[in-house]
Asker: 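The structure is given below, and queries will be raised subsequently.
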Amino acid sequence: WNMSELKIIVVGDVHGEHTKLFKKVNKILDRNGKFDALFVAGCFFGPSSDKLHDGLWEKLKSKEVEVPLPTYILGPTSTAQEVLYKDVLRSGGDLIPNVTFIGPTGVHTLANGLKVCVLNGLYDGTKVVNTQGMEMTTVSYTTDDVRKVLDMTKGADFKGVDFFFTASWPNGVVYGSKQTVDTTWCAQNHGARSIASAVMPRYHFSGGKQHFEREPYRNLTKAEVASNVTRFIGLAPVGTKKAKWIYALNITPREQCDAKTLLDVPVDTTDSPYLRREQRQQVQQAKSIPVGLQYGGGAYDRYADQNRKRKQRTSQQPNKRPPVSPSTCWFCLGSEKVERHLVVSATRQMYLALPKGPLVKNHVLIVPVHHIPTSMSIDKEGSDVLTQYKSQLISLFAQQGQHCVIFERNFKSDHMQLQVVPVPKEVTSHTIEREFKTLGSRYGLHFIEFPSIKRAKEQFELKDFFMFETPDGRVFVTEVSRMFPLQFGREVLCSPAILNQPRRVFWKKCELGKDREVEEAMEFKKMFKPFDPFMNNK
């Protein structure tokens, strides 16, 4: 498809009024030129057999009159409508040329690149699951249908959809809006609420009796992943006077969209109307906690000036984490919280440890023994030890036919963790650089190349940053903002061009369990022993 902005028209319930619909659409096309698609949110056909469509439908069907642009519709909402869907009811397809049933309830990627989710039919709370072997009812959806859609969103590679279409408004969508809206006519639609929360659409369009354009709302996303806001737009039935029933917009498919556009948050954005009570309390609590990295006092006072500047720079940003001190830090080697069974080598300045959720086998961390925030904050002695560890790890992986990518995130992190990840030798430094920059551009990141960490220190020591180092030794650093996704480094390395492991983006899904961690640590110690530069000095 053409990787460009698409011009889209969306309408509410048509109820078989095809003449009114296409008369209006043709006027828009004559006035504004070509559009790429028309979507119908709600019922395309009338509710009963004697009112399924007007006279134009037969002319469209016989091609006496052409449908002016690709038109996408939802499934039937009455048994009388089912006959018009015929063979496409189970899998989607054309009813007539240029009128396409998107497909069964679920997530679909269209030929124009748009990713859409559809919830066909109206809610039927009496059917909990579809009984195996029985003819499935297509005019209503069940809790089982909703559950199947939710399962589609659980993969680490799922990041949302462009559009979500439903036949009726979701329960609670008006919650948190400053507008006064009559919802007494709305039917129960619990499924739309659950699916909207999971698929995180950029736009949610729905049919109904009236027009309602809600303020954008934030999506409560999977942990540590930035996401778009959602705009809910309920449209009145086609032909309604003094109520908006048609909506036009330009949109670039999310897979081709840059992060600045995708993650933009308008000033009138609200919290999600679908938050449960405990989630709403957590969001409000998070807003009340001031940001600022605090490292404690005493031996760590030399970082106080850096911390003060960080607080000044980020005082307006929300922070969900309480302050972390050396005694409560997961990475300070003297802390009770550190998991010592993961430590595979140690000196007075630095230690090596396996991560809790490794990206691949032999993924290892280089960590300072004391509470030091970044690799740009360590002293010369610590820097020398860090360099030796890096050098020997590179030698170890080279012996195994691999080289490694090194990265560090200094954002929402109180203690430096330098991630060292082995990758196949066939993956070149150029490929690694390209993948980081490509995904980075979608998040609005601009990497600056340096010959070494030391050279980057002057520019980034007091900033939130992300850094990666390619196998040929080049260092790339970018400043990051509060919208930066915490799993960015893993997301890049999991891409098809590097590790091709899309399900390993989230470290919590890669945890091995303590028994397995102990085994992996013992195996790594044995393997690294000939390379450990400090083996005789510990």
Asker: Keeping the roles fixed (side chain from Arg503, backbone from Cys510), state whether a donor-acceptor pair exists under 3.5 Å.
Answerer: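 Not confirmed, Arg503 side chain does not pair with Cys510 backbone.
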Asker: State, with a plain yes or no, whether a side-chain heavy atom of Thr478 is found less than 4.5 Å away from one of Phe465.
Answerer: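 Thr478 does not reach Phe465 side chain to side chain.
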Asker: Step through the shown structure and confirm whether more than 12 heavy atoms of other residues, nucleotides or ligands are within 6.0 Å of NZ on Lys24.
Answerer: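 Not more than 12 within 6.0 Å, no.
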Asker: Would you check if the distance from the ring center of His204 to the ring center of Phe163 is below 6.0 Å?
Answerer: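 No.
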Asker: Is any NZ, NE, NH1 or NH2 atom of the basic residue among Lys154 and Asp151 found under 4.0 Å from an Asp or Glu carboxylate oxygen of the other?
Answerer: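 Salt bridge between Lys154 and Asp151, a charged N being under 4.0 Å from a carboxylate O: yes.
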Asker: May I ask you to decide if Val88's main-chain N or O and Ser91's side chain share a donor-acceptor pair within less than 3.5 Å?
Answerer: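 Checked: no pair found.
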Asker: Has Lys115 got a side-chain atom pairing as donor or acceptor with Leu110's backbone, closer than 3.5 angstrom?
Answerer: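 Such a contact is absent between Lys115 side chain and Leu110 backbone.
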Asker: Can you check whether Lys7's main-chain N or O pairs, donor with acceptor, with Asp36's side chain at less than 3.5 Å?
Answerer: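 Flag set: sc Asp36 to bb Lys7 pair under 3.5 Å.
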Asker: Within a strict 4.5 Å, meaning less than it, do heavy atoms of the Val360 and Leu499 side chains meet?
Answerer: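 With C-beta onward as the side chain, the pair touches.
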Asker: Run the ring pair (Phe, Tyr, Trp, His ring centres under 6.0 Å) check on His15 and Phe44 step by step: do they pass?
Answerer: CA-CA 5 Å; His15 290 318; Phe44 187 64; over 10 Å; no
Asker: Counting the benzene-type ring for Trp, do Phe466 and Phe488 have ring centres under 6.0 Å apart?
Answerer: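 Aromatic pair counts; centres sit under 6.0 Å.
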Asker: Should the pair Arg147-Asp144 be classified as a salt bridge under the 4.0 Å nitrogen-to-oxygen rule?
Answerer: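 Salt bridge: yes.
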Asker: Between Ser272 and Asn219, is any side-chain donor less than 3.5 angstrom from a side-chain acceptor?
Answerer: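 There is no such pair (donor and acceptor under 3.5 Å, judged by atom type) between the side chains of Ser272 and Asn219.
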Asker: If every non-hydrogen atom of Val83 is compared with every non-hydrogen atom of Lys86, which pair is closest and at what distance?
Answerer: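 Distance-wise, the nearest heavy atoms are O-CG, 2.9 Å.
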Asker: Where do Pro216 and Pro266 come nearest, in terms of heavy atoms and distance?
Answerer: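 The answer is CG-CG, 4.0 Å.
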Asker: Just by distance, do the side chain of Thr438 and the backbone of Arg434 share a donor-acceptor pair under 3.5 Å?
Answerer: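 Looks like yes, one N/O pair under 3.5 Å.
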Asker: Could you tell me whether the side chain of Val477 reaches within less than 4.5 Å of the side chain of Phe468, counting heavy atoms only?
Answerer: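 When only atoms from C-beta onward are counted, Val477 and Phe468 do not touch, as no gap falls below 4.5 Å.
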Asker: Just wondering, do Leu74 and Asn120 contact through their side chains at under 4.5 Å, heavy atoms?
Answerer: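 A side-chain contact under 4.5 Å exists here.
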Asker: If you round to the nearest 0.5 Å, how far is CZ of Arg218 from CG of Leu275?
Answerer: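 Separation between the atoms: 10.0 Å.
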Asker: Would you please indicate if the ring centroids of Phe165 and Phe39 are separated by under 6.0 Å?
Answerer: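 Ring centres of Phe39 and Phe165 closer than 6.0 Å.
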Asker: Minimum heavy-atom separation for Leu52 and Ala80, please, with both atom names.
Answerer: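 It is CD1-O, 3.7 Å.
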Asker: Is there a donor-acceptor contact under 3.5 Å from the side chain of Ser206 to the main chain of Trp169?
Answerer: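 Yes; judged by distance alone, with no hydrogens or angles, the pair exists.
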Asker: Is it the case that the side chains of Arg214 and Thr230 hold a donor-acceptor pair, with the cut-off being a distance below 3.5 Å and no angle test?
Answerer: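 Judged by distance alone, the side chains do not pair up.
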Asker: More than 12 foreign heavy atoms under 6.0 Å from CD of Glu66: is that the case here?
Answerer: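 Count not over threshold, so no.
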Asker: Is it the case that atom NZ in Lys356 sees more than 12 heavy atoms from other parts of the structure closer than 6.0 Å?
Answerer: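 Yes, because the 6.0 Å sphere around NZ of Lys356 holds more than 12 heavy atoms from other groups.
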Asker: To the nearest 0.5 Å, tell me how far Glu255 CD sits from Thr109 OG1.
Answerer: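 It comes to 7.5 Å.
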Asker: Taking Ser78 for the side chain and Pro47 for the main chain, is one N or O donor matched with an acceptor at less than 3.5 Å?
Answerer: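 The answer is yes, because a donor-acceptor pair under 3.5 Å joins these two groups.
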Asker: Is Arg202 salt-bridged to Asp162, going by a charged N under 4.0 Å from an acidic O?
Answerer: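 Salt bridge flag = yes for Asp162 with Arg202.
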Asker: How close do Val199 and Val149 get, counting heavy atoms only, and between which atoms?
Answerer: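 Residues Val199 and Val149, closest heavy atoms: CG1-CG1, 4.4 Å.
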Asker: Would you say NZ of Lys361 has more than 12 non-hydrogen atoms from neighbouring residues, nucleotides or ligands within 6.0 angstrom?
Answerer: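 Yes, NZ of Lys361 has more than 12 neighbouring heavy atoms, counting only those of other groups under 6.0 Å.
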Asker: Which atoms form the tightest heavy-atom contact between Arg409 and Lys412, and what is the distance?
Answerer: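 What the structure gives for the nearest pair is NH1-O, 3.7 Å.
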Asker: Strictly by modelled atom types, are Asp54 and Thr19 linked by a side-chain donor-acceptor pair under 3.5 Å?
Answerer: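 There is such a pair between these side chains.
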Asker: What distance separates Ile96 CD1 from Trp57 CH2, expressed to the nearest 0.5 Å?
Answerer: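 Rounded to the nearest 0.5 Å, the CD1-CH2 separation comes out at 3.5 Å.
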Asker: Grab the two heavy atoms, one from Ala192 and one from Leu119, that are nearest each other, plus how far apart they are.
Answerer: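 Distance-wise, the nearest heavy atoms are N-CD2, 3.5 Å.
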Asker: Strictly distance-based, threshold 3.5 Å: is any side-chain N or O of Asn228 a donor or acceptor partner for the main-chain N or O of Met200?
Answerer: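 Yes, Asn228 side chain to Met200 backbone: donor-acceptor pair under 3.5 Å.
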Asker: State whether the number of non-hydrogen atoms from other residues, nucleotides or ligands found under 6.0 Å of Asp87 atom CG is greater than 12.
Answerer: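 Not buried by this count: 12 neighbours or fewer within 6.0 Å.
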Asker: Go through the steps for Glu215 and Ser177 under the test side-chain hydrogen bond (donor to acceptor under 3.5 Å, both in side chains), then give the verdict.
Answerer: CA-CA 7 Å; Glu215 301 91 332; Ser177 173; 2.8 Å; yes
Asker: At what distance, to the nearest 0.5 angstrom, does CE of Met152 lie from SG of Cys117?
Answerer: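 Answer for the CE-SG pair, Met152 versus Cys117, is 8.0 Å.
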Asker: Counting neighbours of NZ on Lys61 that are heavy atoms of other residues, nucleotides or ligands and sit closer than 6.0 Å, is the number greater than 12?
Answerer: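 12 or below, so no.
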Asker: Asp94 pairs by side-chain contact (heavy atoms from CB on, under 4.5 Å) with which of Thr100, Val99, Thr71?
Answerer: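 Per the side-chain contact (heavy atoms from CB on, under 4.5 Å) rule, the option paired with Asp94 is Thr100, out of Thr100, Val99, Thr71.
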Asker: Can any side-chain N or O of Arg193 pair as donor or acceptor with the backbone N or O of Pro170 at less than 3.5 Å?
Answerer: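 No; judged by distance alone, with no hydrogens or angles, the pair does not exist.
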Asker: If you define the side chain from C-beta out and look only at heavy atoms, does anything of Tyr443 sit under 4.5 Å from Phe484?
Answerer: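 Result no, sub-4.5 Å side-chain heavy-atom pair not found.
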Asker: Answer whether the closest heavy-atom distance between the side chains of Gln210 and Asp182 falls below 4.5 Å.
Answerer: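 Touching, per the 4.5 Å side-chain cut-off.
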Asker: Could you state the interatomic distance from OG (Ser49) to CD (Gln81), rounded to the nearest 0.5 Å?
Answerer: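 Nearest 0.5 Å value for the OG-CD distance: 11.0 Å.
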Asker: Do Asn189 and Tyr141 meet the criterion of a side-chain donor-acceptor pair at a distance under 3.5 Å?
Answerer: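 Yes, Tyr141 and Asn189 have a side-chain donor paired with an acceptor closer than 3.5 Å.
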Asker: Quick one, Thr261 with Thr252, criterion side-chain contact (heavy atoms from CB on, under 4.5 Å). Give me CA distance, side-chain angles, the key distance, then yes/no.
Answerer: CA-CA 9 Å; Thr261 300; Thr252 300; over 6 Å; no
Asker: Would you check, one step at a time, whether the test side-chain contact (heavy atoms from CB on, under 4.5 Å) holds for Phe232 with Phe212?
Answerer: CA-CA 8 Å; Phe232 173 80; Phe212 169 53; 3.9 Å; yes
Asker: When you compare the side chain of Leu486 with that of Trp507, does any pair of heavy atoms fall below 4.5 Å?
Answerer: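 Counting from C-beta outward, Trp507 and Leu486 never come under 4.5 Å.
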Asker: Any carboxylate oxygen within less than 4.0 angstrom of a Lys/Arg side-chain nitrogen, looking at Lys159 and Glu491?
Answerer: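 Yes, charged N to carboxylate O under 4.0 Å.
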Asker: Tyr274 and Tyr217: aromatic ring centres closer than 6.0 Å?
Answerer: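 Yes; Tyr217 has its ring centre under 6.0 Å from that of Tyr274.
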Asker: Hey, is NZ on Lys63 packed in by over 12 heavy atoms from elsewhere, all under 6.0 Å?
Answerer: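 Check fails, neighbour count at 12 or below.
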Asker: With a 4.5 Å cut-off on side-chain heavy atoms, are His363 and Arg490 touching?
Answerer: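 Yes, their side chains come closer than 4.5 Å.
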Asker: Short question: side chain of Asn410, backbone of Lys463 - any donor-acceptor pair under 3.5 Å?
Answerer: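 Yes, because the side chain of Asn410 sits within donor-acceptor range (under 3.5 Å) of the backbone of Lys463.
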Asker: So, taking the atom named CZ in Phe205 and the one named CD1 in Ile8, what distance separates them when rounded to the nearest 0.5 Å?
Answerer: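 Going from the CZ atom of Phe205 to the CD1 atom of Ile8 covers 9.5 Å.
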